Amino acid sequence: MTKEENEKRLAYLKGIVARLPEKPGSYQYYDDTGTIIYVGKAKNLKARVSSYFHTEVDRFKTKVLVSKIHDISYTVVNTEEDALLLENQLIKQYNPRYNVLLKDGKTYPSICVTGEYLPRIFKTRTINKKWGQYYGPYSHIGSMYAVLDIIKELYHPRTCRQPITKEGIEQGKYKVCLDYHIKRCGGPCANRQSWDEYQKNIAQAREVLKGNTRQLLRQMREEMQQLAEQLRFEEAEEVKRKYLALDTFVSKSEVVSHTINDVDVFTITNDEKVAFINYLHVSNGSINQSFTFEFKKRLAETEQELLQLGIVEMRERFKSTSKEIIVPFDPEMELENVTFTVPQRGDKKTLLDLSEMNGKQYKFDRLKQAEKLNPEQKQVRLMKELQEKLGLPKMPYQIECFDNSNISGTDAVAACVVFKSMKPSKKDYKRYNIKTVVGPDDYASMKEVVSRRYNRLINDEQPLPDLIVADGGRGQMEVIREVIQDELNLDIPIAGLAKNDRHRTNELLYGFPPRSVQLKTDSELFHVLTQLQDEVHRFAITFHREKRSKHALHSELDEIKGIGPKTKDALLAALKSVKRIKEADIEALTPIVGTAKAQIIYDYFHKDLA
């Protein structure tokens with residue numbers, strides 16, 4: 001691979017990484033032949049996958065892996081635990097090269113069930129099939145320990161390492177250890193537990209390790225009923241304890257549900273020009289296929305028609321023979337020996353929601369990719385979204401926002417910021433000194449500034465804004481409305497950004513009387529509006545500070561005739577404050593500004609004493 005080809009490959013991969021969601025899930029890396037070479041899991045997909053492409057990565061195995069990656073795919077799930085289990089499922093299915101052949105000499109652990117007379121169950125990193133049967137490997141240590149813990153709790157396999165034989169037990173050569181006394185072992189070495197009962201426990205433990213928990217639960221339920229019918233209630237109670245413990249373990253450990261087996265799931269996410277159809281396949285309670293197909297519309301196809309195309313295409317591509325297909329609505333099609341299910345609640349509805357989430361995430365990623373190539377597309381989308389939310393007659397290309405700033409009415413100022421195409425237009429920002437208001441009256445100050453702003457625009461025949469946003473609630477909106485509608489007779493929409501008790505913006509207001517507009521606080525549109533609010537607040541505060549600083553430091557010195565800017569700077573540099581200049585005597589002032597000017601300054605500040 002040439003340097004140019006490698007740079008192109010990395011640029012393509014980093015583009016995918018930049019669009020990854022910050023959600024839990026599993027990610028898959030592909031080589032140049034389209035083969036999965038690595039499956040990983042992450043609590044935050046974007047953060048985890050991007051870490052592989054940092055320039056400071058110095059681990060040899062990571063560099064080797066990154067050099068082989070030519071494409072990336074991923075599956076979003078609800079929780080980190082689901083991501084772990086999905087990762088394990090995909091590793092077992094595809095056996096990716098870099099999930100097994102680690103470059104640091106460390107291998108994933110497995111669980112061994114020995115072939116001894118009384119088998120032991122333990123974790124190991126050494127595989128020797130002469131010892132017994134191995135299950136795994138487990139890429140997540142926590143998942144492996146969870147399986148071992150449930151086996152120890154339910155079946156109490158022995159933990160001692162001494163070789164135990166049938167003859168030794170019959171001869172009474174062994175004694176029970178501490179595990180027997182604390183009820184962690186049945187004591188089969190001393191014949192306190194029969195060989196048949198111990199082997200039955202080991203057989204059930206093997207089923208747990210294989211993942212055949214549903215069949216095992218069904219057997220345990222039947223055994224409970226039989227023991228109860230035979231009035232063997234104590235034994236039935238023990239089986240019930242194991243049943244409940246295993247059922248709890250399964251409910252926490254399955255990606256989907258142990259009640260769902262061999263089903264296909266399809267959902268559709270529509271757009272104006274494109275439809276995204278997500279496909280999931282579930283086998284033995286776990287997801288082992290996840291894919292999103294993109295259909296570009298050419299005619300006004302219905303959702304039923306598009307879903308039909310997706311179902312036929314993906315079942316053929318993935319060779320699916322599932323007899324049940326979960327869908328969000330009836331696709332109005334028939335397949336031989338196939339049942340369509342539209343769930344309303346329960347595990348199947350959860351699975352349908354998961355598929356829909358993956359479809360929407362894929363659509364969002366595609367949109368992000370397009371907007372990255374064409375930034376104006378994002379701005380148009382946000383303007384359309386705001387237009388729809390507020391029911392505006394046209395897209396709000398120019399938005400203006402006002403804010404006041406003063407301290408107890410002194411040095412009162414106001415600011416107006418302008419956003420064009422959802423971006424700051426700083427050359428159009430305006431600052432105002434409040435002229436007609438005495439004291440801290442924010443409403444009156446707002447009324448003055450809005451009136452001055454739009455009277456000026458009208459007189460100069462400048463374009464008016466498409467939307468005015470008040471940095472405040474209902475009161476500020478009403479003041480702006482009085483000026484715009486009642487005084488100037490203008491038809492400009494007015495919105496407001498209201499704050500909660502913690503002084504955090506939490507809702508968008510619109511209309512008269514104002515009503516709250518539903519807008520998620522983590523949405524892009526809300527972030528743009530809060531950026532507008534933050535910008536006008538910053539602009540007003542900065543202007544107020546400049547005015548206050550200039551007034552506080554220079555006002556009295558400005559009134560001394562014969563004292564210019566250089567003399568003022570010299571005085572402030574030497575004495576640091578106007579107060580110290582006032583208190584200074586002629587002897588202190590003379591070395592700084594000379595005899596004549598020292599006398600002028602001293603006489604000015606001490607004229608009342610003359």
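Only a predicted model underlies this, so the values are computations on that prediction, with no experimental measurement involved.
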* Does a side chain donor of either His70 or Asp32 reach within less than 3.5 Å of an acceptor in the other side chain? -> no
* Could you tell me the separation between the NZ atom of Lys423 and the CD atom of Gln531, rounded to the nearest 0.5 Å? => 10.0 Å
* Asked: Taking NZ, NE, NH1 and NH2 as the nitrogens, is one of them in Arg474 or Glu478 under 4.0 Å from a carboxylate oxygen of the other?
  -> no
* Asked: With distance as the sole test, does Glu482 use its side chain to make a donor-acceptor pair with the main-chain N or O of Val479 at under 3.5 Å?
  -> no
* Asked: Quick one: OH on Tyr29 to CG on Leu65, what's the gap to the nearest 0.5 Å?
  -> 6.5 Å
* Asked: What orientation do Tyr27 and Tyr38 show, parallel under 30°, tilted 30 to 60°, or perpendicular over 60°?
  -> tilted
* Report the residues that fulfil salt bridge (charged side-chain N to carboxylate O under 4.0 Å, His left out) with Lys389, sequence neighbours left out, ordered by chain and then residue number. => none
* Measure from the side-chain N and O atoms of Asn433 to the backbone N and O of Val413, and report whether any donor-acceptor pair falls under 3.5 Å. => no
* **Pair Tyr602 + Tyr604: ring centers closer than 6.0 Å** => no
* Hey, is the main chain of Lys68 close enough, under 3.5 Å, to the side chain of Asp31 for a donor-acceptor pair? -> no
* Structure fact -> From the list Ile468, Asn455, Val449, Leu488, side chain to side chain contact (heavy atoms under 4.5 Å, CB included) partner of Val483 resolves to Leu488
* Exercise: identify the closest heavy-atom pair between Leu45 and Leu20 -> O-CD1, 4.0 Å
* **Under 3.5 Å donor-acceptor, Ser67 side chain and Val64 backbone** => yes
* Separation of Ile480 CD1 from Gln485 CD (nearest 0.5 Å) -> 11.0 Å
* Looking only at heavy atoms, what is the nearest atom pair of Tyr454 and Ile484, with distance? -> CD1-CD1, 3.5 Å
* **Atom pair CD/CD of Glu356 and Gln361 - distance to nearest 0.5 Å** => 12.5 Å
* Does NZ or CZ of Arg481 fall inside the cone over Phe512's six-membered ring, less than 6.0 Å from its centre and within 45° of the axis? -> yes
* Presence of salt bridge, Asp428 and Lys420, under 4.0 angstrom -> yes
* Does Arg48 have any side-chain hydrogen bond (donor to acceptor under 3.5 Å, both in side chains) partners at least two apart in sequence or in another chain, and if so, which? -> Ser51, Tyr52
* Structure fact -> Asn44 and Pro21 have their tightest heavy-atom pair at OD1-O, 4.2 Å
* Report yes or no: does Arg19 contribute a side-chain atom to a donor-acceptor pair with the main-chain N or O of Gly15 at less than 3.5 Å? => yes
* Asked: Say you draw a straight line from CG of Leu529 to CG of Leu525; how long is it, rounded to the nearest 0.5 Å?
  -> 4.5 Å
* Are Arg538 and Asp534 ion-paired here, with the side-chain N under 4.0 Å from a carboxylate O? -> no
